[in-house]
Structures are given as C-alpha cells and as structure tokens.
Amino acid sequence: MKLPTDRLTLLRIGCILHALVVTGIWVLVFQFDIDVLSAKIWLVVAVLWSLWMTQVLVPFRGNRADWLKTVALGLVLIAPTLRTQYTFIVWAVEGFAP
C-alpha cells in the first residue's frame with residue numbers, strides 16, 4: 001500500500017506530536033503538580049504511542065529510514081515517561097505495593 005508523500009508526512013508528524021503530548025502532560029503532572037488527566041487515561045494515551053511503531057513494519061518503499069528516524073526521535077521524547085508507564089502498568093497488573 002503506497003500512500004501519498006503528504007499523508008506519510010502527516011503520519012510522521014502525528015507520531016512526534018503524540019510523543020510530545022504524552023511527555024508534556026507527564027511534565028505538567030509530575031513536575032508542576034497540575035492535574036490535566038487522570039493517571040489511567042494518561043497511561044492509555046501513553047501506551048497507544050507504541051502503535052506508531054507498527055507503521056515501521058508496513059513496507060513503505062524508500063521511507064523505512066524516515067520512519068525509523070521518526071520513531072527514534074519519538075522514543076527520545078517519550079523516554080522520560082517510560083519509568084512512570086512501567087510503574088503504572090505493574091500497579092495495574094499486580095496491585096499497589098503494601
């Protein structure tokens with residue numbers, strides 16, 4: 001499936017914007033103590049970012065390197081939130097620590 005270049009560019013921009021939104025909300029909540037979203041909603045939005053990586057697996061001809069660069073940039077942007085995501089997922093699965 002070959003998409004027009006403009007649409008591919010929009011998908012890459014969406015990936016970066018998603019990472020920025022997740023990190024921005026994380027900064028507001030954990031650094032400035034401003035409640036923007038509940039933790040559960042934030043976690044769902046944050047975990048959904050990983051769906052962008054499935055786009056790398058779709059065989060876009062000649063654009064795989066661009067997607068890898070986009071995902072790498074997204075990972076750098078979302079990296080500060082990964083510890084919090086992991087903690088919330090563990091708490092959701094195993095319950096809160098005593």
Side-chain angles (χ1 to χ4, degrees):
M1 178 172 142
K2 183 150 173 116
L3 296 174
T5 305
D6 294 334
R7 191 163 179 196
L8 290 174
T9 302
L10 289 176
L11 287 173
R12 287 193 288 270
I13 290 170
C15 178
I16 298 301
L17 286 178
H18 192 154
L20 282 172
V21 166
V22 169
T23 305
I25 292 171
W26 179 82
V27 167
L28 287 175
V29 171
F30 291 101
Q31 301 297 323
F32 297 112
D33 202 24
I34 300 172
D35 288 332
V36 179
L37 290 174
S38 73
K40 290 179 183 179
I41 294 172
W42 176 82
L43 180 62
V44 169
V45 172
V47 171
L48 285 176
W49 183 85
S50 63
L51 291 177
W52 290 104
M53 286 191 257
T54 61
Q55 294 296 318
V56 174
L57 301 176
V58 177
F60 293 126
R61 296 178 188 181
N63 290 322
R64 189 172 299 255
D66 290 339
W67 266 110
L68 290 175
K69 290 175 192 174
T70 303
V71 170
L73 178 60
L75 278 172
V76 167
L77 292 172
I78 210 165
T81 69
L82 293 177
R83 182 182 291 174
T84 306
Q85 288 181 44
Y86 173 75
T87 303
F88 282 178
I89 290 170
V90 168
W91 283 348
V93 171
E94 296 180 4
F96 287 101

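Atom set for the values below is all heavy atoms of this structure, side chains included, hydrogens, waters and symmetry mates excluded. Along the sequence shown, residues carry numbers from 1.
Note: the hydrophobic cluster containing Val36 also contains Ile41 (ILVMFWY, side chain heavy atoms under 4.5 Å, direct or indirect links). Placement of Val44 and Val90 in two distinct hydrophobic clusters is found when ILVMFWY residues are connected by side-chain heavy-atom separations under 4.5 Å, directly or transitively.
Under the side chain to side chain contact (heavy atoms under 4.5 Å, CB included) criterion, Phe32 pairs with Val27, Leu28, Ile34, sequence neighbours left out. By the side chain to side chain contact (heavy atoms under 4.5 Å, CB included) test, Val76 pairs with no residue at all, sequence neighbours left out. Every residue two or more places apart in sequence or in another chain that forms a side chain to side chain contact (heavy atoms under 4.5 Å, CB included) with Thr81 is listed here: Val22, Thr23, Trp26, Trp42, Ile78, Gln85.
By the 4.5 Å side-chain criterion applied to Ile, Leu, Val, Met, Phe, Trp and Tyr, Leu77 is assigned to a cluster that also includes Ile13, Ile16, Leu17, Leu20, Leu73.
The shortest distance between side-chain heavy atoms of Ile25 and Val45 does not fall below 4.5 Å.
If you take CG on Leu82 and CG on Leu75, they are separated by 7.5 Å, rounding to the nearest 0.5 Å.
Closest of all the heavy-atom pairs between Gly74 and Ala19 is O-CB, 3.8 Å.
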